[in-house]
Amino acid sequence: MIVVMKVGSPETEVTRVCEDLKGWGLTPEKIVGKHKVVIGLVGETAALDPFQIQEISPWIESVLRVEQPFKRASREYRHGESSEVVVQTPNGPVVFGEHHPVVLVAGPCSVENEEMIVETARRVKAAGAQLLRGGAYKPRTSPYAFQGHGESALGLLAAARSATGLGIVTEVMDAADLDRLAEVADIIQIGARNMQNFSLLKKVGAQDKPVLLKRGMAATIEDWLMAAEYVLAAGNPNVILCERGIRTFDRQYSRNTLDLAAVPVLRTLTHLPIMVDPSHGTGLAEYVPAMALASVAAGADSLMIEVHPNPKKALSDGPQSLTPERFDSLVPEIAVVGRAVGRWPERQPVLT
Ligand code: PEP
Ligand code: MN
């Protein structure tokens, strides 16, 4: 349920309404939007009478029920306004959100050694990326495949961060690694395979770093938003959703089916920022550029693209990784689409 306060409601009145609602045994959450203040109420609200709540203050404009099962993640919960996730990187704040330029996240699937991660970071930064991705802990289908260098790779990500000032996105698989990982990561990734690892979701929800929640490979949009709800309900409001392709009947010519329709669908359902990962979404480098452009055209707030200095030698996901040269030429192509949809700042590289 949400309580919408009238424009210009005095702060003291909003506080009084919140206190009053606490007296009803509810846990009010004050959400300050661009135009209005909304008070979110989650919990046993079924028996509440909206008209009775309306009586609390003449400054209450309306009291509405959130019909969706995902409450805090729903667009209604913020009264239609989209949220922003601000990531503090050494190069300055990077903002993910509907009303901001497209954010580029790029880097290898796995951190392999210091030279490759620092060099890749330099290259993707020069091309226009704001954040570096790279896995230290890798969720691999086979236990015999490269599992990531683990904790030592976190140190290498820290080195790349200080060499370039890029923010770091890296995946947590085990809650036991979370504290150490959060010292290095500017965004903590929950991979597709852990999207419904509810105890892990509660743990990342109970810490402060923004969370990148990838869509499970067989997850419906509702499953995915309910997973986001776990993180939000645990107290972390900074969640970015990442579409990375789902399993369908056809895996002959591409690794996954990239569900680009999810972008406008999510936009109507949720206020959370939306990222697309065309690398895992297609599984093949030659298809990544087309889907990157399509993602921006569809309204994505961010792209995550795998880039490796030598894809043929990559320890994981080489076939879907772009070379730094291809990433260099892709960014100006993305800029063309980004400008067309009003999502590209002039200061980023553009086609001449
Ligand atoms: C990754 O980002 O390298 C990864 C393993 O992604 P996903 O969880 O989407 O498969
Ligand atoms: Mn990968």
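One-based numbering, in listed order, for ligands and for the atoms of each. Keep in mind that what you see is a predicted model, and the values were worked out from it rather than measured. Below, all heavy atoms of this structure are taken into account, side chains as well, without hydrogens, waters or symmetry copies.
In this structure, CE in Met173 is found 6.5 Å from CD in Glu171, a value given to the nearest 0.5 Å.
No donor-acceptor pair under 3.5 Å is formed between the side chain of Arg244 and the backbone N or O of Pro278.
At a heavy-atom cutoff of 4.0 Å, ligand 1 is surrounded by Cys109, Arg133, Lys138, Pro139, Glu171, Gln189, Gly191, Ala192, Arg193, Lys214, Arg244, His280, Glu306.
The two residues Lys209 and Asp186 make their nearest non-hydrogen contact at CD-O, 3.9 Å.
Through direct or indirect side-chain contacts shorter than 4.5 Å among Ile, Leu, Val, Met, Phe, Trp and Tyr, Leu315 is connected to Phe146.
Rounded to 10°, the angle formed at the Mn ion (ligand 2) by Cys109 SG and His280 NE2 is 170°. For the pair OE2 of Glu306 and OD2 of Asp317, the angle whose vertex sits at the Mn ion (ligand 2) is 120° to 10 degrees.
Residues in residues 141-157 take part in these side chain to side chain donor-acceptor pair (under 3.5 Å) pairs, two or more places apart or across chains: Glu151-Arg180.
Electrostatic pairing of Arg255 and Asp317 counts as a salt bridge here, judged by a charged N lying under 4.0 Å from a carboxylate O.
Looking at residues two or more places apart in sequence or on another chain, you find a side-chain contact (heavy atoms from CB on, under 4.5 Å) between Lys6 and Ser9, Trp59, Glu61.
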